[in-house]
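See below for the structure under consideration.
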2 protein chains.
Amino acid sequence: MSVPCICTTLRSASRRMIAFYDETIAPVGVNIAQFSLMRSIARTQPVTLTALGRRVELDRSTIGRNVRVLEKMGLVELGRGEDQREATVTLTEAGHKVLEDGAPLWDGAQKSLEDRLGVDFMRQLHAALDSL
Amino acid sequence: MSVPCICTTLRSASRRMIAFYDETIAPVGVNIAQFSLMRSIARTQPVTLTALGRRVELDRSTIGRNVRVLEKMGLVELGRGEDQREATVTLTEAGHKVLEDGAPLWDGAQKSLEDRLGVDFMRQLHAALDSL
DNA sequence: ATGGGTTGCGGGTATATGCCCGCGATACGG
DNA sequence: CCGTATCGCGGGCATATACCCGCAACCCAT
């Protein structure tokens, strides 16, 4: 047992971190997955489901479902692209507000982690995870 | 944006790693979450759902459902503890066989990662993730 | 223009995961 | 010994995620 299974460790750490960020971002009414997805949408809206999926490395069907939840919450709007097959997503006013209100909360979480772990450590960890 | 969001990075890395291990372990018919859970069961069987959940840091209800899937697959058996409230889990013969057959596959994945990333790096990453 | 290949989606199916509620079993104080 | 508090579960509800199938739209070469 030289090195414990990195996958198990990673899954576990991921669950803990998700719980932490979910709690942090909860006041604005979304979870971290939704908040993160909305940020991605904001960056290039309107964007098609497939394009979005490719960018965030999620299955297109996953994007479709997650986006529909956001739509039901009134945070995004779905439309059609020029290509009639394409479904496009755009943030609503409410969606933008969630991003604005959530930003400081997110920053707070980030800061709290940096204080606890150190910026250098965070950077290294980040780079390490990206290399996986 | 000094440090990118560690949570997003972590979730992403986790998904990639899960996909990698799922593929690796697939030949024995389970996914990495199931394999990992079965390993935990093997270590202290018979074990109650609550005890198992505490050990692997998963919600009890999650454990219950996941274990039921394993039961349907014939890999574990559910029973009652002395305390009539308790539900206990035990690996079946088939379950043990899956662990045996899967072990070399898992080791292979581990080895492949070590070759690519280096043992030291893996150890550090592991320690870092545990500290989160 | 037309038929075949490609692309984008929606829906079905399945697992993983968490929270909450209610029920039955157990433990404990009076 | 009984009533109350606690504990362990199952089931309901919701999200995240992946894969597969089939349909409709689009693109291209003949």
Side-chain angles (χ1 to χ4, degrees), chain A residues 7-8 10-23 25-26 29-38 40 46-73 75 78-89, chain B residues 7-8 10-23 25-26 29-38 40 46-73 75 78-89:
Chain A
C7 182
T8 302
L10 197 48
R11 290 200 315 130
S12 183
S14 184
R15 285 196 302 268
R16 285 197 299 275
M17 197 57 79
I18 288 172
F20 174 59
Y21 271 81
D22 275 355
E23 198 176 342
I25 206 73
V30 297
N31 63 33
I32 191 59
Q34 296 167 332
F35 191 75
S36 179
L37 184 57
M38 287 174 65
S40 286
V47 59
T48 70
L49 301 188
T50 296
L52 190 53
R54 260 197 276 267
R55 183 134 52 78
V56 299
E57 294 183 275
L58 283 175
D59 191 87
R60 196 201 48 67
S61 68
T62 298
I63 296 289
R65 288 173 230 284
N66 293 1
V67 155
R68 241 172 292 156
V69 173
L70 292 175
E71 187 193 25
K72 240 185 295 179
M73 298 168 76
L75 302 179
L78 293 177
R80 284 285 151 191
E82 308 168 24
D83 186 330
Q84 286 305 302
R85 291 169 300 183
E86 295 177 340
T88 62
V89 201
Chain B
C7 182
T8 302
L10 196 48
R11 291 200 315 129
S12 183
S14 184
R15 284 196 303 268
R16 284 197 299 276
M17 197 59 80
I18 288 171
F20 174 59
Y21 271 81
D22 274 357
E23 198 176 342
I25 206 75
V30 297
N31 63 33
I32 191 60
Q34 295 167 333
F35 192 75
S36 179
L37 183 59
M38 287 174 65
S40 286
V47 59
T48 70
L49 301 188
T50 295
L52 189 53
R54 259 196 277 267
R55 183 135 51 77
V56 299
E57 293 183 275
L58 283 176
D59 190 88
R60 196 201 48 68
S61 67
T62 297
I63 295 289
R65 288 172 232 287
N66 293 0
V67 155
R68 241 172 292 155
V69 172
L70 291 175
E71 187 193 24
K72 241 185 294 178
M73 298 169 74
L75 302 179
L78 293 178
R80 285 282 151 193
E82 306 169 25
D83 186 330
Q84 286 305 302
R85 292 169 298 181
E86 295 176 339
T88 62
V89 201

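Here is how names work: the chains are called A, B, and so on, in the same order as the sequence lines, proteins then strands, and each is numbered from 1. From a predicted model like this one, the values you see are computed outputs, not experimental measurements.
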Spatial distance of atom [atom1] ([X]) from atom [atom2] ([Y]) [nearest 0.5 Å]:
| X | Y | atom1 | atom2 | value |
| --- | --- | --- | --- | --- |
| A/Leu58 | A/Arg65 | CG | CZ | 12.0 Å |
| B/Tyr21 | A/Leu10 | OH | CG | 9.5 Å |
| A/Met38 | A/Met73 | CE | CE | 8.0 Å |
| A/Arg11 | B/Arg15 | CZ | CZ | 14.0 Å |

Side chain A/Gln34, main chain A/Asn31, donor-acceptor under 3.5 Å: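 Flag set: sc A/Gln34 to bb A/Asn31 pair under 3.5 Å.
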Backbone N/O of A/Thr88 and side chain of A/Arg80: donor-acceptor pair under 3.5 Å: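 Answer holds: no.
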How many whole angstroms separate atom [atom1] of [X] from atom [atom2] of [N]?
| X | N | atom1 | atom2 | result |
| --- | --- | --- | --- | --- |
| A/Leu37 | D/dT15 | CG | P | 14 Å |
| B/Phe35 | C/dT15 | CZ | P | 19 Å |
| A/Glu71 | D/dT15 | CD | C1' | 16 Å |
| A/Lys72 | D/dA16 | NZ | C1' | 14 Å |
| A/Ile63 | D/dA18 | CD1 | P | 9 Å |
| B/Ile18 | D/dA18 | CD1 | P | 9 Å |
| B/Ile25 | C/dT15 | CD1 | C1' | 16 Å |
| A/Leu52 | D/dA16 | CG | P | 13 Å |

Do A/Arg16 and A/Ser12 get their side chains close enough for a donor-acceptor pair, meaning under 3.5 Å?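 There is such a pair (donor and acceptor under 3.5 Å, judged by atom type) between the side chains of A/Arg16 and A/Ser12.
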For A/Ile32 versus B/Cys7, what's the shortest heavy-atom pair and its separation?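 So the minimum-distance heavy-atom pair works out to CG1-SG, 3.9 Å.
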[X] side-chain N/O to [N] phosphate OP1/OP2 under 4.0 Å:
| X | N | value |
| --- | --- | --- |
| B/Asn66 | C/dT15 | no |
| B/Gln34 | C/dA16 | yes |
| B/Arg15 | D/dT17 | yes |
| A/Thr62 | D/dA16 | no |

Mind checking if A/Leu58 touches a base, just sugar-phosphate, or nothing, with heavy atoms under 4.0 Å?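 Result for A/Leu58 = sugar-phosphate.
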Is there a side-chain contact between A/Arg55 and A/Leu52, using heavy atoms and a 4.5 Å cut-off?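 Side-chain contact under 4.5 Å: yes.
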Heavy-atom distance under 4.5 Å between the side chains of A/Ile63 and A/Val56, does that happen here?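 A side-chain contact exists here, since the closest heavy-atom pair is under 4.5 Å.
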Nucleotide nearest B/Asp59 when distance is taken to its side chain, options C/dA25, D/dA16, C/dG18: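 Among C/dA25, D/dA16, C/dG18, the one nearest the side chain of B/Asp59 is C/dG18.
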Among C/dT15, C/dG11, D/dA25, the one nearest B/Asn31 by side-chain distance: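 Closest nucleotide to the B/Asn31 side chain: C/dT15.
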5' precedence on DNA chain C between B/Met73 and B/Glu57 (nearest-nucleotide basis):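 It is B/Met73, whose closest nucleotide lies nearer the 5' terminus.
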In the 5'-to-3' direction, what one-character label does each nucleotide of nucleotides 2-10 of chain C receive under the scheme B = base within less than 4.0 Å of a protein heavy atom, S = sugar-phosphate only, - = no such atom? -----BSBB
Please, what dot-bracket string fits DNA chain D when only Watson-Crick and G-U pairs with both distances under 3.5 Å count, crossing ones use [ ] and pairs to another strand use |? ||||||||||||||||||||||||||||||
